[in-house]
Number of protein chains: 2
Amino acid sequence: MRDLLAELRIRLEHVADLQDTAALLGWDQATYMPAGGSQTRGRQLATIARLAHEALVDPAIGSLLDRLEPELESIDPDSDEARLISVTRFDYDRATQVPAHFLAEFEKHASHGYQLWVQARPADDFALVADHLERTVELSRRYSSFFSGYQHVADALIDESDRGMTVARLRPLFRELRARLLPLVDATTAGGGQAPGNAGSAREVADGSPLRACYPEAAQIAFGEEVIRAFGFDFRRGRQDRSGHPFATALGDGDVRITTRVREADLSEALFSSLHEAGHGMYEQGIDPGLHGTPLAGGTSAGVHESQSRLWENVVGRSYAFWRHYFPLLRERFPDQLTEVSLEAFYAAVNLVSRSLIRTDADELTYNLHVMIRFELECELLEGTLAVADLADAWRERYRSDLGVDSGGDSDGVLQDMHWFSGLVGGAFQGYTIGNILSAQFYAAASKAQPDLPEQMASGSFGGLHAWLKENIWRHGRKYTPDELLLRATGSEMSIEPYLAYLSDKYRRLYPAG
Amino acid sequence: MRDLLAELRIRLEHVADLQDTAALLGWDQATYMPAGGSQTRGRQLATIARLAHEALVDPAIGSLLDRLEPELESIDPDSDEARLISVTRFDYDRATQVPAHFLAEFEKHASHGYQLWVQARPADDFALVADHLERTVELSRRYSSFFSGYQHVADALIDESDRGMTVARLRPLFRELRARLLPLVDATTAGGGQAPGNAGSAREVADGSPLRACYPEAAQIAFGEEVIRAFGFDFRRGRQDRSGHPFATALGDGDVRITTRVREADLSEALFSSLHEAGHGMYEQGIDPGLHGTPLAGGTSAGVHESQSRLWENVVGRSYAFWRHYFPLLRERFPDQLTEVSLEAFYAAVNLVSRSLIRTDADELTYNLHVMIRFELECELLEGTLAVADLADAWRERYRSDLGVDSGGDSDGVLQDMHWFSGLVGGAFQGYTIGNILSAQFYAAASKAQPDLPEQMASGSFGGLHAWLKENIWRHGRKYTPDELLLRATGSEMSIEPYLAYLSDKYRRLYPAG
């Protein structure tokens, strides 16, 4: 068994080398690559991705698994070895069930779709991408059909990013979450208006103006890096650069990269992007070194990954305790911009609730309303209960009913996210809301273990939280399924109660009734 | 034939994708990679290099060549197609003649050697690397033995980087060059002293002090980039970053990267590194786009590549015409540092001749003396006429006789360059001096076509020179051998006369006799 495992590890390390190399090609494309490199880079990425796929579906891996699986009965089912075998089996079966020609076709289709979307969005022209999206829905259904044992056509896609999640579990959960979020949003947004303009004095504090002075780029980056260093992001094993869309990527053991984007006229852009991506990054940096070079390195699901980014961005980075420590330091850095601003006004500004059209600009309260609209629409597209021709109108209709806002065109409507135009339809969005839900569950469990977390944060100390997350979540990589991990870390199954309790407590204080 | 060529091109494009990806892994390692990534990066580099090698030695390429070669008689021998077939044959035969297990062994050996050298150099401890170097000499001889048809054991290694060059051609050439350089060096260095300290007033101008003020990093980078942009380095298809050792690398069509290194206390470091690497970079950027994705992309030899970097660094960048235009601009940028400095004093400072121990710091006149010592020593090591045990002493002895300087320890002696400790012994150094020789030959030919080149430069215009080099050298990539290319571009074979004429004219003006 030792020998078989050693052989399996060598093959998996080869797969990991190729995947990590593809990640570097992607990172460089988004950060430093000159424009002239784009065509060749596309080909390089496709070449390396194909080689990584070929290395994973090598029948030698299947045969090693066949020989190792009978041994599973004799070893601890929670050992790294047992989990390595079962997770590799999951990935191997997934990869071998998809024909290579389908992958090549989809790769081309998706890359063409991205080109179309880049033109369609600024031109507000959904018609330009409609036929393409029709075909994407078809291809997504076909992709789903390669896998058996799923109830709903979206389940195969959801299972790939959020293992164990299904439409049957998520629909009622999201329905209840929506029903209980709407009154909270109403209570904070002055009876449904788009901005809390004509409200009383406590509400007037909550406008975004303190964030909208001119904040020089270099000083913004320096401040953000000081904060994430204090969080525990390790710059000897990672770095931060700038890119058009912030992201985090792991290039192998000891090299985790995050990016941010700066708007000098808006302090929140770079700072909260940094805190968010550092959450993803610390997860990757916290994985047990022994799991590297195997499929157990990496987060266990999109939702759990997002829970870490949202925890550091929101639960920590938009908390009053955090700003008690950091606002005085921020004001020292930007005296001209902030001398007249109080801690309370600033805290209100970073937590301003507003009914808006754009998901990525949304506050904590309304964000999930955006996500759940997309989740419902992609399920319906896959089911065939919604036609692509009716999608843009359906989008507008849901925004009116859930968020009370009217999007005139499609740029700020159905065209705003690239997901459906550069990838599959299905499985792309549920992770964002799962992440929010779990961020509160994990934080509640950490607070139970360390009741003084707010005091720690108010003194600029994040080591306690970092250690709890590393011990209970990060180090395990993909060893446990999301459900197993959650149960081990918190003692509970997934529940929206801690999240709703967190939100209502926070926003009742920020926007007291009357 | 169309179909066979198309199939060959697809296979070669795959090789190129892998080679370019390896180049990105290397670039990132030297520029942005955090320290924590180094171990995994080594493995990734080895993985991609192995795949590139495997793709090149695929018997399918051999069989395509076998079927294409009979067609060569019916097509223009100077066509891209004919040259593609013959250059691919050269690379394919070379690659297939080396056993894969040898490459893997050497890869490990070289990477271990680099680790040893990194410790040995600061510790001034040649003994630490001596055994390793002994083995490198052995492995280099074995590598050479894989190829037949060469006269001298070093020829197989030289032919790999400077095709067509041999020990039999280079030894007499270098011997004559040394003999004619020594009197020039004597004439400029006040009778053999290490610095021109106690010389007359014309000589006193020639000290390095104007370069040794404090020049802030960002302003140095900005000035250098302004110059190389004027040279014609295309930032839409390339970029410049910082690294420990400056280098240039091509990552595929439209993406050529160069690096520089800044010393705030020495203006010449970053500037001349930028000009040098931009010379390499413009060569790569100037290659006919139709050659990309094949072995014809890339410079034709180490020597021709170096001729382009030395041409822009020295023949242009240390010329009086260049500084007539740029010194006033430089003084505007750095008024505090340069107000008191005259154009003449500055020009003399960037051309200061000094008998020194370190190759990379050497001026134009003494540089080749450093290189030729290394060339001779590596030939003798390979021949077995010099033992590794005697190498450090032999080094000291040659430095005394050729340069008149005494290196106490080995840090600044035999340990100063990494070449022998991280690669083969043999074929590593001749290209530097060939490059200097050719830089003058190419420049002389360009001047013949455009006699007003100095006036163009003095008005800040480099388009004429750029166009001549692109037309006569760059666009051809590896289509022609170095000898063919030189003959086509200049009408002559390699000769040291233009180089010696250039040097003696320049230095007789700078250091007039008496």
Side-chain angles (χ1 to χ4, degrees), chain A residues 10-11 13-29 31-52 54-55 218 233-241 250-259 281 284-285 289 292-293 297, chain B residues 10-11 13-29 31-52 54-55 218 233-241 250-259 281 284-285 289 292-293 297:
Chain A
I10 287 172
R11 290 190 168 272
E13 207 167 66
H14 181 63
V15 176
D17 284 343
L18 289 163
Q19 288 168 340
D20 295 343
T21 298
L24 175 67
L25 287 164
W27 172 85
D28 180 71
Q29 185 176 40
T31 51
Y32 294 112
M33 188 188 77
S38 60
Q39 208 180 337
T40 311
R41 180 56 50 87
R43 211 182 60 208
Q44 292 161 348
L45 269 165
T47 296
I48 302 296
R50 182 169 57 71
L51 290 171
E54 284 172 11
F233 183 82
D234 182 352
F235 279 90
R236 284 162 311 159
R237 298 187 300 129
R239 51 179 293 118
Q240 176 176 265
D241 298 273
L251 309 182
D253 193 7
D255 188 356
V256 174
R257 315 239 174 142
I258 64 173
T259 70
E284 295 287 337
Q285 288 185 332
H292 278 286
Chain B
I10 288 172
R11 290 190 168 272
E13 208 168 65
H14 180 65
V15 176
D17 284 343
L18 288 163
Q19 288 169 338
D20 294 344
T21 298
L24 175 68
L25 287 164
W27 172 86
D28 181 72
Q29 186 176 38
T31 51
Y32 294 112
M33 189 189 77
S38 61
Q39 208 179 338
T40 311
R41 179 57 49 88
R43 213 184 58 209
Q44 292 161 349
L45 270 164
T47 297
I48 301 296
R50 182 170 55 73
L51 289 173
E54 284 171 11
F233 183 82
D234 182 352
F235 280 90
R236 285 162 310 159
R237 298 187 298 129
R239 52 178 292 117
Q240 176 175 266
D241 298 272
L251 309 182
D253 192 7
D255 189 356
V256 174
R257 316 238 174 142
I258 64 173
T259 70
E284 295 287 337
Q285 288 185 332
H292 278 287

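Since the model is a prediction, treat every value here as computed from it, not as a measurement. Quick note on labels: first sequence line is chain A, next is B, and so on, each numbered from 1. When reading the values below, keep in mind they use all heavy atoms of this one structure, side chains included, and skip hydrogens, waters and symmetry mates.
With chain A as partner, the option from B:His292, B:Met33, B:Gln39 having the largest number of non-hydrogen pairs under 4.5 angstrom is B:Met33. The choice from A:Gly36, A:Ala46, A:Ser38 that makes the most heavy-atom pairs within less than 4.5 Å of chain B is A:Gly36. For the set A:Gly293, A:Gly252, A:Gly238, the count of heavy-atom pairs under 4.5 angstrom toward chain B peaks at A:Gly238.
For A:Arg236, the side-chain contact (heavy atoms from CB on, under 4.5 Å) partners are A:Asp234, not counting sequence neighbours.
A salt bridge links A:Arg41 with A:Asp28: the distance from a Lys NZ or Arg NE/NH1/NH2 to an Asp or Glu carboxylate oxygen falls below 4.0 Å.
Atom CZ of A:Arg239 is separated from atom CG of A:Asp255 by 9.0 Å, given to the nearest 0.5 angstrom. For the atom pair CG of B:Asp241 and OG1 of B:Thr259, the computed distance is 8.0 Å after rounding to the nearest 0.5 Å.
Heavy-atom distances place the backbone of A:Phe235, and not its side chain, under 4.5 Å from chain B. Looking at B:Leu45, neither its backbone nor its side chain comes within 4.5 Å of chain A, counting heavy atoms on both sides.
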Identify every side-chain donor-acceptor pair in residues 15-27 of chain A under 3.5 Å, counting partners at least two apart or on other chains, and give the distances.
residue, atom, partner, partner atom, Å
A:Asp17, OD1, B:Arg43, NE, 3.1
A:Asp17, OD1, B:Arg43, NH2, 2.7
A:Asp17, OD2, B:Arg43, NE, 3.3
A:Asp17, OD2, B:Thr47, OG1, 2.8
A:Thr21, OG1, A:Asp17, O, 2.7

